[in-house]
Amino acid sequence: QQSKKTNTMAAESKKEEFRKYLEKSGVIDALTKVLVALYEEPEKPTNALDFIKQFLGAPTSGEVENMKGETDELRNKNSELESQVADLTKKLEELQAGGE
């Protein structure tokens, strides 16, 4: 019975400590503001999670997908350019060797 009470008190203490941490770091205030904004939104968004992300300044799911596609394109272009640099470097070395 006593250990059960001690465990409960320890859990409550941990909860209170965590609540204070959230409050001190501004999380509770930020969540309250975003939830109030969502509540006051006249036309509720179809994707509430994207609304919350956007309100907090994070990219939405669609934006993340666009960035992934753009990253892939840029990686491919980078590979092409690295290949061109290697080819041109080789040609330049050949020309310099031929001129000596």
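Bear in mind that the values here come from a model prediction, so they are computed numbers and not experimental data.
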Original post:
In the single-linkage hydrophobic clustering (I, L, V, M, F, W, Y; side-chain heavy atoms under 4.5 Å), do Leu49 and Leu38 co-cluster?
Top reply: no
Original post:
Of all residues at least two apart in sequence or in a different chain, which pass the salt bridge (Lys or Arg N to Asp or Glu O under 4.0 Å) check with Glu94?
Top reply: none
Subject >> Working for salt bridge (Lys or Arg N to Asp or Glu O under 4.0 Å), residues Lys91 and Asp87 >> reply: CA-CA 6 Å; Lys91 286 179 184 176; Asp87 290 345; over 6 Å; no
Subject >> Rounded distance [0.5 Å steps], CZ in Phe51 versus OG1 in Thr46 >> reply: 12.0 Å
**OP:** Quick one: list whatever passes salt bridge (Lys or Arg N to Asp or Glu O under 4.0 Å) with Lys44, sequence neighbours left out.
**Re:** none
Original post:
Is Ile52 reachable from Val64 through a run of hydrophobic residues whose side-chain heavy atoms are each under 4.5 Å from the next?
Top reply: no
Subject >> Glu12 bridged to Lys15 by N-O distance under 4.0 Å >> reply: yes
Original post:
Do you reckon Val34 sits in the same ILVMFWY cluster as Tyr39, going by side-chain contacts under 4.5 Å, direct or chained?
Top reply: no
Original post:
Ignoring hydrogens and geometry, is there a side-chain-to-backbone donor-acceptor pair from Ser25 to Tyr21 under 3.5 Å?
Top reply: yes
Donor-acceptor pairs under 3.5 angstrom involving side-chain atoms of residues 66-74: please list them, not counting sequence neighbours.
residue: Thr71; atom: OG1; partner: Met67; partner atom: O; Å: 2.8

Original post:
Are Leu31 and Phe18 grouped together when hydrophobic residues (ILVMFWY) are joined by side-chain heavy atoms under 4.5 angstrom apart?
Top reply: yes
Original post:
Knowing that exactly one of Asp29, Leu35, Val36 qualifies, which makes a side-chain contact (heavy atoms from CB on, under 4.5 Å) with Lys33?
Top reply: Asp29
Original post:
At what distance, to the nearest 0.5 angstrom, does CG of Leu92 lie from CD of Gln96?
Top reply: 4.0 Å
Subject >> Distance (rounded to the nearest 0.5 Å) between Lys53 NZ and Glu63 CD >> reply: 10.0 Å
Original post:
Got a salt bridge between Glu23 and Lys20, using NZ or NE/NH1/NH2 to carboxylate O under 4.0 Å?
Top reply: no
Subject >> Nearest-0.5 Å distance, CD of residue Glu41 to CZ of residue Phe55 >> reply: 10.0 Å
Original post:
Heavy-atom distance under 4.5 Å between the side chains of Asn47 and Pro45, does that happen here?
Top reply: no
